Amino acid sequence: MNNNIEKGKTAAITSYILIIGVFIAMSMNSGEDKNSYASFHIRQALGLSLTFISLGLIISPFDSPMISISMWVFLSVLWTYGIFGAINGETKAVPLLGNYFQKWFASIS
């Protein structure tokens, strides 16, 4: 298992670099020997990126700094949790949404 983590760590960390990082990590993890550790973090990062875009589109008409700052803080905390999990070799889902991301994006491996 430890060898699996080391092999997938670069792709896992890369996936947290905005939405483009998700696509780069997906291409790094493609092929016959897909890494389950990298796949876990790719699903987490994809979910966070899509949540960021969705919430941004939903709250943008309100033009309220309080709502915008709340969204940024919420997603920054989840992103920090996810990337530090990838760096430390952990497969803990991000709080609140991570388990949903694993279910929704189960086809992404």
Side-chain angles (χ1 to χ4, degrees):
M1 181 69 175
N2 229 0
N3 192 25
N4 187 38
I5 291 172
E6 289 306 314
K7 285 182 179 179
K9 197 175 255 192
T10 303
I13 294 168
T14 302
S15 68
Y16 287 97
I17 303 171
L18 304 174
I19 190 78
I20 192 74
V22 171
F23 296 120
I24 293 169
M26 287 171 83
S27 70
M28 290 170 68
N29 197 39
S30 64
E32 293 179 21
D33 56 340
K34 293 186 185 216
N35 186 289
S36 59
Y37 177 75
S39 296
F40 174 86
H41 284 286
I42 289 168
R43 288 188 292 269
Q44 294 291 294
L46 177 61
L48 288 173
S49 294
L50 293 176
T51 301
F52 175 77
I53 292 167
S54 301
L55 285 177
L57 290 171
I58 291 168
I59 69 166
S60 62
F62 295 109
D63 197 28
S64 167
M66 179 104 85
I67 295 172
S68 297
I69 291 171
S70 299
M71 180 197 84
W72 278 94
V73 168
F74 172 70
L75 287 171
S76 295
V77 168
L78 294 182
W79 179 85
T80 302
Y81 188 90
I83 195 162
F84 277 107
I87 291 168
N88 293 327
E90 300 169 344
T91 54
K92 293 191 293 189
V94 295
L96 302 175
L97 301 172
N99 291 328
Y100 293 112
F101 297 156
Q102 292 301 312
K103 280 190 251 178
W104 295 338
F105 306 122
S107 63
I108 298 173
S109 54

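These figures come from a predicted structure and were not determined experimentally.
Using modelled atom types, no side-chain atom of K9 and backbone atom of A86 make a donor-acceptor pair closer than 3.5 Å. A distance-only check finds no donor-acceptor pair linking the side chain of S54 to the backbone of T51 [under 3.5 Å]. Checked by atom type and distance alone, the side chain of N35 pairs as donor or acceptor with a backbone atom of N4 at under 3.5 Å.
At least one side-chain heavy atom of Q44 sits less than 4.5 Å from a side-chain heavy atom of Y16. Considering only heavy atoms from C-beta on, F74 comes within 4.5 Å of L97 through its side chain. Here the side chains of I59 and S68 are in contact, with some heavy-atom distance below 4.5 Å. By the 4.5 Å heavy-atom criterion applied to side chains, T91 and Y37 are counted as neighbours.
Of all heavy-atom pairs spanning E90 and H41, the tightest one is O-NE2, 2.8 Å. What you find for A11 and A38 is that their closest heavy atoms are CB-CB, 3.8 Å.
Both L78 and I67 belong to a single network of hydrophobic side chains, linked directly or stepwise wherever heavy atoms of I, L, V, M, F, W or Y lie under 4.5 Å apart. Cluster membership check: V94 shares its hydrophobic cluster with F84, using side-chain heavy-atom separations under 4.5 Å among Ile, Leu, Val, Met, Phe, Trp and Tyr. Following chains of ILVMFWY side-chain contacts shorter than 4.5 Å, one cannot reach Y81 starting from I17, and the two form parts of different hydrophobic clusters. Taken together through direct or relayed side-chain contacts under 4.5 Å among Ile, Leu, Val, Met, Phe, Trp and Tyr, V77 and L96 form parts of separate hydrophobic clusters. No path of Ile, Leu, Val, Met, Phe, Trp and Tyr side chains, each step under 4.5 Å between heavy atoms, connects L18 with W79, placing them in separate hydrophobic clusters.
Remark: R43 CZ to S107 OG distance equals 9.0 Å, nearest 0.5 Å. Between the OG atom in S27 and the CD1 atom in I42 there is a gap of 8.5 Å [rounded to 0.5 Å]. A distance of 13.5 Å separates CZ in F40 from CG in N29, rounded to the nearest 0.5 Å. Taking NZ from K34 and CE from M26, the interatomic distance works out to 8.0 Å, rounded to the nearest 0.5 Å. The line from CD1 of I83 to OG1 of T14 is 8.5 Å long, rounded to the nearest 0.5 Å.
In this structure, the side-chain contact (heavy atoms from CB on, under 4.5 Å) partners of S49, at least two apart in sequence or on a different chain, are I19, V22. Scored by the ring-ring contact (aromatic ring centres under 6.0 Å, His included) test, F52 finds W72 as partners (sequence neighbours excluded).
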- Message: Checking L50 against F101 for the side-chain contact (heavy atoms from CB on, under 4.5 Å) test, could you report, in this order, the C-alpha distance in whole Å, the side-chain angles of both residues, the deciding distance, and whether it holds?
- Response: CA-CA 10 Å; L50 293 176; F101 297 156; over 6 Å; no
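By the neighbour-count criterion of 12 heavy atoms within 6.0 Å, atom CG of D63 is sparsely surrounded, having that number or fewer from other residues, nucleotides or ligands.
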